[in-house]
Amino acid sequence: MTGKERLLRALEKRGVRHIFGYTGGAIMPVFDCMDKLGIFKFVMSRHEQGATFMAQGVSRASLSTDDPQVGVCMATSGPGAMNLTTGIADAHMDSVPMLAITGQVATGVIATDAFQESDVVGVMMPICKQTYMPLEADEIEKTVHEAFYVATTGRPGPVLLDIPKDILNQQVSKDYKFSLENLRPNLPGFFYHPTPARAPVKKALELINRSERPVIFCGHGVISSNAGKLLQALAEKAKIPVAFTLHGLSAMPADHPLSLGMMGMHGTVEANRAISEADLLISFGMRFDDRVTGKLNEYAQKADVIHVEIDPSEIDKNVATTVAINADVYRTLHVLVGDPMLTAKPRRRWHARIDEFRQVMADDLRTEIKGGLGDEGKLLMKTIVSQLSDMTQGQDIIVPDVGQHQMMAARFYNYQTPNSWFASGGAGTMGASLPMAIGVKLVRPDERVWSISGDGGFQMNMQELGTIMEHKIDVKIMIFNNGYLGMVRQWQTLFFDGRYAGTPMLSPDYGQIASAYGIPYRKIQTLEQIAPAIKEAIDLKGAIILEFICDPSEIILPMIPAGGGFDDMIVKRPMPQKKGGKK
């Protein structure tokens, strides 16, 4: 048996169903063998970057199903491998398990600047949990299984497997033996502590019981460990409000009475002001990044901090903790919820104070959403998202791109389905939505999936409409077209005197593009057209593109300016500025 056969059989044992990628010289032996075996559904992306986000979609969407999978993408050496870089970096920032397999030039010509040679391992090492280059066919099967272990154990993340072409074609040795049952990965320095120690748990419970103004933080770790129900049980038992990071959304229902919505730069007033006045922050599976904390030396000055985190390097990295629990979020929540030490306190004064925070922007937002039109008389994104939420009852899967529309979708969709929000967060990769939605739909085929993009992000990977066309993938595509890079324009409006340098964007005729791919298309320009277009998409069996002509003047508030603190939060919309700003 050859190295390429061992590779594919190992993937089969790991439950891989789909492989995403693009072929080429160095990886061609694997594709040939894959075709002969016929055990995988291969999905050819139209660009290697698209394959990485499809693989992410599989990993992220399937983890809450009965058949969790690790997404696998594949590319050839040189430019093919380099085109995977952005999506792998994105997975690394967002702690998404993924296996990237690349072909490499033959061992005899490595480091000679051979045709389509690149130092893939060197490039990928800073953005992967681990990188491998097996130099014997006998090593491949063991390496694949170790790669899956590394990708999924502890804090998840991407792993790279770069295999020279001659090793793929090499026969395994005659005395080759491998037992998956007896595999014990030798990983010096890798320590995994899933179960919380009793001492910090006891101290955490004492702080929770004593606190008057606590806030729970729900991070991506709650989603990754399928701990949403346990988090909700803890919040309800102890009467503690919950604020969400971007990646914590959909861990519990968005309209739950204890939900404060998203925190941070574009978070809700109630979340951010509650954090400012809290006496205890209980953080589950998050890393206190700058978009959450704002100015660190002013962050949560009055609060003790309990930090539950699987990755010890994140504890005390940005925010000093009072109690650190280095353990799995699910297991820790299970212990906390069931511990008889945990007492329920009504905390009526604290909840009344939070209700005051909820009212700060409530009337303005209701008026804006109901009006539905911006300064230039075009559609508001928040109105479209609100209508989508109402018409789907918050039950659908939302896959946004990156930018202003992403924050609208985070804030104004009423998430009811666990693990139903998939966004590029840490890296903020424009173009992620369309390919990621493809991967999501393939592993959650019975649920409706909406890919929501701005006109800027959509054009970055719109070639993946070809993948949708070829495989007849039922993704509902919404393009919020405001003729600008919306989030950058918002910053220019607020902080650059309305000088819109480098943000105006001309779009192609999306109707003609949709027609070329055989996908139905509708352009929506009036308030009256929004609901019928969404209903048509809901009723249609198959993909559809809805292009909404949106107002470029719309902004998402509140907003904490970059480098600012929570006290600098902008809650009032500035007066409209003329295009071009000051001279």
Side-chain angles (χ1 to χ4, degrees), residues 86 89-96 126-127 155 157 215-224 242-249 260-278 281-303 305-322 324 400-404 406-411 421 423-430 432 485-488 490-492 494-496 555-571:
T86 300
D90 188 278
H92 179 67
M93 288 288 284
D94 287 348
S95 303
V96 178
I127 55 173
R155 180 178 181 170
V215 176
I216 290 173
F217 286 179
C218 174
H220 197 193
V222 177
I223 295 286
S224 297
V242 182
F244 300 82
T245 68
L246 180 72
H247 284 314
L249 295 173
L260 299 174
M262 189 172 72
M263 67 176 98
M265 179 175 279
H266 292 289
T268 65
V269 172
E270 52 268 32
N272 290 340
R273 291 197 175 166
I275 291 166
S276 291
E277 295 194 9
L281 305 179
I282 314 160
S283 165
F284 292 97
M286 59 166 292
R287 55 191 177 85
F288 288 103
D289 84 303
D290 61 300
R291 290 296 172 101
V292 164
T293 64
K295 197 182 297 182
L296 277 171
N297 61 1
E298 297 179 2
Y299 182 71
Q301 295 283 299
K302 306 168 186 174
V305 176
I306 299 168
H307 193 179
V308 181
E309 171 58 51
I310 195 67
D311 182 355
S313 71
E314 292 294 347
I315 295 174
D316 290 319
K317 185 176 84 174
N318 295 326
V319 173
T321 56
T322 312
D401 210 78
V402 170
Q404 209 177 31
Q406 180 188 33
M407 296 298 103
M408 304 290 183
R411 288 279 308 283
W421 160 262
S424 170
T429 307
M430 291 174 66
L485 300 178
M487 185 57 83
V488 183
Q490 174 166 329
W491 283 52
Q492 291 169 331
L494 296 175
F495 311 119
F496 291 86
I555 62 174
I556 177 78
L557 291 178
M559 180 180 182
I560 300 171
F566 281 29
D567 290 341
D568 304 310
M569 184 167 56
I570 302 168
V571 298

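Values below: all heavy atoms of this structure, side chains included; hydrogens, waters and symmetry mates excluded. From a predicted model like this one, the values you see are computed outputs, not experimental measurements.
- Taking all atoms of both residues into account, the shortest heavy-atom contact from A427 to S424 is C-OG, 4.3 Å.
- Note that CG of D289 is 9.5 Å distant from CD of E314, once rounded to the nearest 0.5 Å.
- In terms of heavy atoms, L249 sits closest to I223 at O-CD1, 3.8 Å.
- Closest heavy-atom contact between G219 and T245: CA-OG1, 3.5 Å.
- The backbone N or O of M286 lies less than 3.5 Å from a partner atom in the side chain of H307, making a donor-acceptor pair.
- Counting all heavy atoms, side chain and backbone alike, R155 lies closest to S95 at NE-OG, 2.8 Å.
- Between the side chain of N318 and the backbone N or O of R287 there is at least one donor-acceptor pair closer than 3.5 Å.
- Annotation: the span from T268 atom OG1 to L557 atom CG amounts to 13.0 Å, rounded to 0.5 Å.
- Below 30°, between 30° and 60°, or above 60°: for Y299 and F288 the angle between ring planes is above 60°, a perpendicular geometry.
- Note that OG1 of T321 and CD of E309 are 11.5 Å apart. Values are rounded to the nearest 0.5 Å.
- Remark: I560 CD1 to M263 CE distance equals 11.0 Å, nearest 0.5 Å.
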### Message
Evaluate V222 against F244 for side-chain contact (heavy atoms from CB on, under 4.5 Å), listing each step before the verdict.
### Response
CA-CA 10 Å; V222 177; F244 300 82; over 6 Å; no
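- Of the possible polar contacts, none joining the S283 side chain to the I306 backbone as a donor-acceptor pair under 3.5 Å is found.
- Here NE2 of H266 is found 9.5 Å from CZ of R411. Values are rounded to the nearest 0.5 Å.
- The two atoms that bring W421 and L246 nearest to each other are NE1-O, 2.8 Å, heavy atoms only.
- Of the candidates Q492, Q404, M430, M430 is the only one forming a side-chain contact (heavy atoms from CB on, under 4.5 Å) with L485.
- Between M487 and I556, the closest side-chain pair of non-hydrogen atoms falls below 4.5 Å.
- For the 3.5 Å distance criterion, the side chains of D94 and H220 fail to qualify, holding no donor opposite an acceptor.
- The CD1 atom of I570 lies 6.0 Å from the CE atom of M559; values are rounded to the nearest 0.5 Å.
- Across every non-hydrogen atom of C218 and V242, the tightest pair is CB-CG1, 4.0 Å.
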